[in-house]
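Have a look at the structure below, then the notes.
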Amino acid sequence: MIIKKVVELIESDQVLQDYKVNGWVRAFRSNRFIALNDGSCLENLQCVVDFENTDDEVLKKITTGAAISVSGTLKESEGKGQSVELEVKSIDILGEAHPEDVKKTILQPKKHSFEKLREQAHLRVRTNTFGAVMRMRSKLSFAVHQYFNDNGFYYVNTPIVTGSDAEGAGEMFKVTNLDLKNPPKTEDGEIDFSQDFFGKETNLTVSGQLEAETYALGLGKVYTFGPTFRAENSNTTRHLAEFWMIEPEVAFCDLEGNIDLAEDFIQYVLKYITEHCKSDLEFLENRLLEEEKSKPEKDRSPMPLREKIDFVLKNNFKRVSYTEAIDILRNSKPNKKKKFNYIIEEWGADLQSEHERYLVEKHFGCPVVIYDYPADIKAFYMRLNDDGKTVRAMDVLFPGIGEIAGGSQREERYDVLLSKMREIGIDEKELWWYLDTRKFGTCVHSGFGLGFERLVLFATGMSNIRDVIPYPRSPQNAEF
RNA sequence: UCCUCCUUAGCUCAGUUGGUUAGAGCAUCUGACUGUUAAUCAGAGGGUCCAAAGUUCGAGUCUUUGAGGAGGAGCCA
């Protein structure tokens with residue numbers, strides 16, 4: 001007997017052949033129709049049981065959630081709603097699921113809130129929505145590697161435990177195996193990290209960028225794609241304490257090249273999923289349309305999901321300097337009418353998310369790249385412009401998501417970098433290796449960091465970042 | 001961390017100015033039916049109204065505190 005996945009049978013025209021399929025029961029209707037799902041695709045395989053010639057004990061165990069193995073003949077479906085169905089000859093119950101227990105879980109076939117699904121994150125992947133989201137997450141992840149591989153990038157695994165806290169990207173989680181109840185102390189009462197596992201204070205990485213830079217200055221084009229940790233007390237739909245970040249870093253590449261790369265990369269991976277996740281996308285689009293029916297008109301998305309993705313594929317990202325952006329905002333209606341919570345008055349102000357949203361969603365109506373930010377509001381490693389007050393930074397802003405990627409041309413001049421570090425109090429002894437790269441064959445180079453979950457958020461149309469990662473880690477939540 | 005809102009059956013939610021025995025749909029159980037698409041029909045069971053304290057003759061409803069959750073803001077990806 002040939003064992004097949006549901007996706008293979010649904011797309012098959014090899015009817016009248018016998019197959020075996022393993023999967024989980026989604027529904028058992030009329031004592032006759034099993035909706036079988038094995039995760040290989042959104043669709044269920046309809047398995048038609050000859051209930052008059054099947055043991056009652058077996059029939060009773062065909063319940064929602066049960067794992068079963070069915071063998072039978074693939075036929076054109078007699079009913080509507082599917083093109084093929086499996087005429088069952090034998091059924092093995094592999095793992096039972098008792099209805100009295102199932103009714104307490106999100107497996108029971110009905111609508112559940114995303115909050116409830118989060119509480120049962122170990123079961124939520126068995127729902128249509130999470131099956132679709134997680135298949136798309138996987139495809140997107142593959143597309144990321146495909147893009148970089150095809151474009152001459154090398155995949156670099158930067159360390160997850162880092163010895164420096166000078167990166168300044170956010171609060172960090174400490175890594176230690178000291179006895180927390182009784183840590184060794186130095187003479188002046190501080191914790192003595194020289195006795196810790198690594199002989200120094202260590203943290204979980206907030207970015208692989210600095211290490212990636214050193215590899216770009218040897219391999220040419222590199223990227224990282226790994227877990228990243230921020231101990232910020234952020235409680236939003238766009239933040240996680242543990243998330244996956246993609247960080248390309250390219251030698252001999254300036255900011256324009258960096259923006260080109262970001263745009264080309266994002267368009268490539270989105271195009272990939274429109275071609276490889278058709279039914280999942282269609283399902284998620286319909287789910288969203290259904291959900292939006294209950295919303296007031298003004299809160300509805302102007303475009304269905306697939307149209308929104310297509311729009312990003314077909315239109316260039318609007319590139320605008322920080323200075324131009326400030327002018328637009330200063331002259332905007334919400335600014336003049338004081339509708340913004342933070343009124344833009346002077347050059348140098350940090351853009352709040354309400355401003356970013358205005359630019360992306362109201363003014364331009366497309367993804368926007370803002371570049372050449374004031375040096376004062378950006379990180380120390382960004383290349384200082386000749387004007388002495390702006391740096392070669394860029395943020396990619398997406399509708400509904402905000403900042404999806406942020407990057408810069410890196411400061412490649414040793415003296416400028418060193419004085420900047422001293423100015424803001426970063427210990428140059430900690431980053432001696434980073435400074436070293438500016439001494440030995442330094443060159444123009446650039447890169448950016450892109451939050452993978454934010455990409456998945458956009459591609460799936462989901463609204464909470466906790467619903468696009470299997471087990472979200474956020475403040476007060478590390479269940480599972 | 002700040003602001004706002006929420007917590008009633010397994011789930012989603014009603015619950016009137018504070019007044020008898022707290023309701024509905026779905027799910028579950030029992031039975032019927034069998035080409036169904038979240039199958040349908042009939043009946044049954046199912047509640048520490050998030051927790052504690054308070055006001056009151058009387059609290060699901062009002063007050064205070066706490067816990068958990070959601071949305072927005074900040075920080076950022």
Side-chain angles (χ1 to χ4, degrees), chain A residues 26-35 43-52 59-60 63-65 75 77-82 85 87 98-120 127-128 167-171 206-209 224-225 227-247 262 294 299 340-342 350-354 356-357 377-379 395-398 401-407 448-458 463-467 469 474-477 479:
Chain A
R26 283 289 178 82
F28 187 35
R29 289 182 294 269
S30 299
N31 227 15
R32 175 176 281 194
F33 303 100
I34 303 171
E43 292 81 7
N44 301 321
L45 179 66
Q46 170 146 289
C47 304
V48 186
V49 181
D50 179 6
F51 59 91
E52 283 158 331
L59 285 177
K60 270 188 187 161
T63 55
T64 299
K75 292 195 162 171
S77 178
E78 288 178 35
K80 288 170 188 163
Q82 58 279 317
E85 62 193 20
E87 191 179 271
H98 299 285
E100 287 283 359
D101 298 329
V102 167
K103 80 167 188 181
K104 292 176 186 168
T105 73
I106 50 111
L107 293 177
Q108 67 164 277
K110 57 164 302 201
K111 268 211 173 109
H112 300 278
S113 64
F114 285 133
E115 290 83 2
K116 184 56 65 179
L117 292 172
R118 262 169 240 154
E119 289 168 15
Q120 297 179 34
T127 63
N128 284 337
E167 295 163 32
E171 290 293 311
V206 291
S207 163
Q209 179 202 317
T224 75
F225 184 5
T228 310
F229 306 87
R230 304 272 166 94
E232 304 284 353
N233 191 8
S234 296
N235 292 289
T236 78
T237 52
R238 308 179 302 284
H239 290 86
L240 289 167
E242 177 184 283
F243 64 100
W244 287 66
M245 187 152 65
I246 298 155
E247 295 178 286
S294 60
D299 293 342
F340 284 141
N341 289 319
Y342 296 85
D350 210 348
L351 299 183
Q352 306 295 321
S353 64
E354 59 181 347
E356 296 179 348
R357 212 175 305 130
I377 59 172
K378 287 291 180 183
D395 282 351
V396 182
L397 309 177
F398 258 48
I401 309 233
E403 190 179 342
I404 196 167
F448 62 85
L450 182 140
F452 183 56
E453 282 75 18
R454 290 188 181 175
L455 186 64
V456 182
L457 216 45
F458 181 77
S463 50
N464 193 317
I465 202 162
R466 294 166 199 173
D467 296 332
I469 188 167
S474 55
Q476 299 301 314
N477 178 29
E479 189 74 40

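Just so you know, these numbers come straight off a predicted model, no measurement behind them. So that the names make sense, note that chain A is the first sequence line, chain B the second, and so on, each numbered from 1.
- Not one side-chain nitrogen or oxygen of A/Gln120 sits closer than 4.0 Å to the OP1 or OP2 atom of B/C11.
- Stacking of the aromatic ring of A/Phe243 onto the base of B/A77 is found: the ring centres lie under 5.5 Å apart and the planes are inclined by under 30°.
- Qualifying side chain to side chain donor-acceptor pair (under 3.5 Å) partners for A/Lys111, counting only residues two or more places apart in sequence or in other chains: none.
- For B/G72, one of the phosphate oxygens OP1 or OP2 lies less than 4.0 angstrom from a side-chain nitrogen or oxygen of A/Thr237.
- The side chain of A/Arg230 contributes no N or O atom lying less than 4.0 Å from OP1 or OP2 of B/G74.
- Which of B/U37, B/A77, B/A73 sits closest to the side chain of A/Ser353 comes down to B/A73.
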Nucleotide-level pairing of RNA chain B, given in dot-bracket where Watson-Crick and G-U pairs need both distances under 3.5 Å and | marks other strands = (((((((..((((.....[...)))).(((((.......))))).....(((((..]....))))))))))))....
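- The phosphate of B/U37 has neither OP1 nor OP2 within less than 4.0 Å of any side-chain N or O from A/Asn44.
- For A/Arg466, a side-chain nitrogen or oxygen approaches OP1 or OP2 of B/A70 to under 4.0 Å.
- Closest approach to the A/Ser113 side chain among B/C29, B/G74, B/U12 is made by B/U12 (side chain taken as heavy atoms from C-beta onward).
- Out of B/G35, B/A73, B/A27, the shortest distance to the side chain of A/Lys103 is found at B/A27.
- At B/A73, one or more side-chain N or O atoms of A/Arg238 fall inside 4.0 Å of OP1 or OP2 (strictly under the cut-off).
- Contact annotation: A/Gln108 does not reach the phosphate of B/C26 (side-chain N/O to OP1 or OP2, under 4.0 Å).
- The base of B/C33 does not come close enough to the side chain of A/Arg32 for any donor and acceptor atom to sit less than 3.5 Å apart.
- Counting non-hydrogen atoms under 4.0 angstrom, A/Gln46 reaches a base of the nucleic acid.
- Whole-Å rounding puts the A/Leu107 CG to B/A27 P distance at 15 Å.
- Distances from the side chain of A/Pro99 to the nucleotides B/C29, B/A70, B/A77 place B/C29 closest.
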Tabulate atom names and distances for all N/O pairs under 3.5 angstrom spanning the protein and nucleotides 39-44 of chain B.
from	atom 1	to	atom 2	distance (Å)
B/A39	OP2	A/Arg29	NH1	2.8

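- Distances shorter than 4.0 Å separate some side-chain N or O of A/Lys116 from OP1 or OP2 on B/C11.
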